[in-house]
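For clarity, every value in this text was computed on a predicted model and none was experimentally measured.
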Amino acid sequence: MEPENQTSVPEFILLGLSKEAELQPLLFGLFLSMYLITFIGNLLIILAVIRDSHLHTPMYFFLSNLSFTDICFTSTTIPKMLLNIQMKNKMITYEGCITQMYFFMLFGALDNFLLTVMAYDRFVAICHPLHYTVIMNHKVCGLLLLLSWVLTVLDSLVHGLMVLHLSFCTELEIPHFFCELNQVIQLACSDPFLNYLVMYIAAVLLGAMPLTGILFSYTKIVSSILRISSAGGKYKAFSTCGSHLSVVSLFYGTGFGVYLSSAVSQNSRASAIASVMYTVVTPMLNPFIYSLRNKDIKQALRKIFS
């Protein structure tokens, strides 16, 4: 196929999750419901943290930012998917595709960093309780949040700029419901070696390193909890990080599940369906995990509705 210059690429075609016309109303209703639950659930967490002065602590500061990130994360993909189903049009412009890809990477990576920072927060709270307020002061929390934003913005910007230098062929069908980096690169006619190289380096630096930090934090946390003599003390200590551990397990579990399914199966449509777990289901479940397992959040939510 003859390559086109990237500036002349008119639009990509998002094939979505299914070609069956009779399934489109079902998919529309299902994803609209999940998006609304995700948006409202995470918005309630943010409002609860803002309104309740008892929640003005580092743990809930990062939790509210995680909820904001989850709203943005799902908003980069689901509204466009719903619009395409409603309009019966699978097209997305070149500019729209690059923009969607950029923000999807940004908020996905930011989720990763925030979970790492929250693990560090729990590590300090449990392993160094007497120094917690000194270590996790407002300045440190702000710097950790700023660092997370800077790293994710730079990472997404590098990937986005490198995609802009690719030339694309006339076959521009993406077997997914959004513009995913790897899927877009596969459509290139020019050599994507540098893109893949940067992508794998970034995966190691911005993926494996935060996961290592989380594992290190929880190794120390578990070690400290086991040294507590009373059963009540152990339960209280573990309950402060149980919700976060559940969210981390869900985030990385679904992410690795998608990676393994795409590595084992060459079916791109199956991988797209599997990716729904971490792009939609995980952000939707996060508010439930934190609200059901956290008395402080429950009380704050009651105040909102009272």
Side-chain angles (χ1 to χ4, degrees), residues 41-42 44-46 48-50 52-70 73 108-138 140-145 147-148 207-257 278 281-301:
N42 283 288
L44 286 173
I45 295 290
I46 296 172
V49 173
I50 291 174
D52 195 327
S53 59
H54 295 96
L55 301 182
H56 293 175
T57 63
M59 181 175 76
Y60 295 110
F61 169 72
F62 292 122
L63 174 59
S64 62
N65 278 277
L66 180 69
S67 294
F68 171 76
T69 303
D70 281 339
F73 186 53
L110 188 57
D111 246 347
N112 189 24
F113 275 98
L114 285 174
L115 290 174
T116 306
V117 171
M118 292 170 75
Y120 174 71
D121 172 72
R122 292 299 84 204
F123 160 72
V124 176
I126 294 174
C127 299
H128 305 283
L130 298 179
H131 302 94
Y132 178 70
T133 54
V134 176
I135 297 174
M136 297 301 294
N137 57 57
H138 294 300
V140 170
C141 291
L143 287 174
L144 288 172
L145 180 62
L147 180 62
S148 299
M209 288 181 66
L211 178 58
T212 303
I214 291 173
L215 293 175
F216 173 81
S217 296
Y218 273 102
T219 300
K220 294 294 184 180
I221 288 171
V222 171
S223 177
S224 295
I225 291 176
L226 291 177
R227 288 198 296 266
I228 299 175
S229 56
S230 65
K234 289 180 180 179
Y235 175 79
K236 184 178 180 180
F238 182 75
S239 64
T240 62
C241 58
S243 298
H244 177 258
L245 186 58
S246 300
V247 171
V248 168
S249 302
L250 189 62
F251 180 82
Y252 282 101
T254 53
F256 282 127
Y278 78 90
V281 176
T282 298
M284 180 182 70
L285 293 179
N286 286 352
F288 292 99
I289 293 173
Y290 275 102
S291 60
L292 292 176
R293 298 177 62 93
N294 191 301
K295 292 181 180 179
D296 294 332
I297 291 292
K298 284 182 182 179
Q299 292 175 356
L301 290 174

From OG (S243) to CG (L63), nearest 0.5 Å: 9.0 Å
As an exercise, state the distance from CG of L147 to CZ of F113, rounded to the nearest 0.5 Å. 7.0 Å
Verify, without hydrogens or angle tests, whether N65 (side chain) and F61 (backbone) share a donor-acceptor contact under 3.5 angstrom. yes
Indicate yes or no for a side-chain donor-acceptor contact from H244 to the backbone of L115 under 3.5 Å, with no hydrogens or angles considered. yes
What are the two closest non-hydrogen atoms of A119 and I221, and how far apart are they? O-CD1, 4.3 Å
Check whether the side chains of D296 and Y60 place a donor and an acceptor atom closer than 3.5 Å, and report yes or no. yes
Does a sphere of radius 6.0 Å around CZ in F68 hold more than 12 heavy atoms from other residues, nucleotides or ligands, not counting ones at 6.0 Å or beyond? no
Are I297 and I45 side-chain neighbours, meaning at least one heavy-atom pair lies under 4.5 Å? yes
Out of curiosity, K220 NZ to H128 NE2, how far, rounded to the nearest 0.5 Å? 8.5 Å
Interatomic distance, OH@Y252 vs CG@N112, rounded to 0.5 Å, equals 3.5 Å
Side-chain (N42) to main-chain (P283) donor-acceptor, under 3.5 angstrom: yes
L285 side chain reached by L250 side chain, heavy atoms, under 4.5 Å: yes
Are L144 and M136 close enough that some pair of their side-chain heavy atoms sits under 4.5 Å apart? yes
Taking the side chain from D52 and the backbone from V49, do they hold a donor-acceptor pair closer than 3.5 Å? no
Can you check whether F73 reaches L110 side chain to side chain, under 4.5 Å on heavy atoms? no
Determine yes or no for a side-chain-to-main-chain donor-acceptor pair under 3.5 angstrom, with S246 supplying the side chain and G242 the backbone. yes
Rounded to the nearest 0.5 Å, how far does CG of D121 lie from CD1 of I126? 9.5 Å
Compare every heavy atom of S223 with every heavy atom of R227, then report the nearest pair and how far apart it is. NH1-OG, 3.0 Å
What one should report as the nearest heavy-atom pair of L245 and Y218 is N-OH, 3.5 Å
Rounded to the nearest 0.5 Å, how far does NZ of K234 lie from CG of L226? 6.0 Å
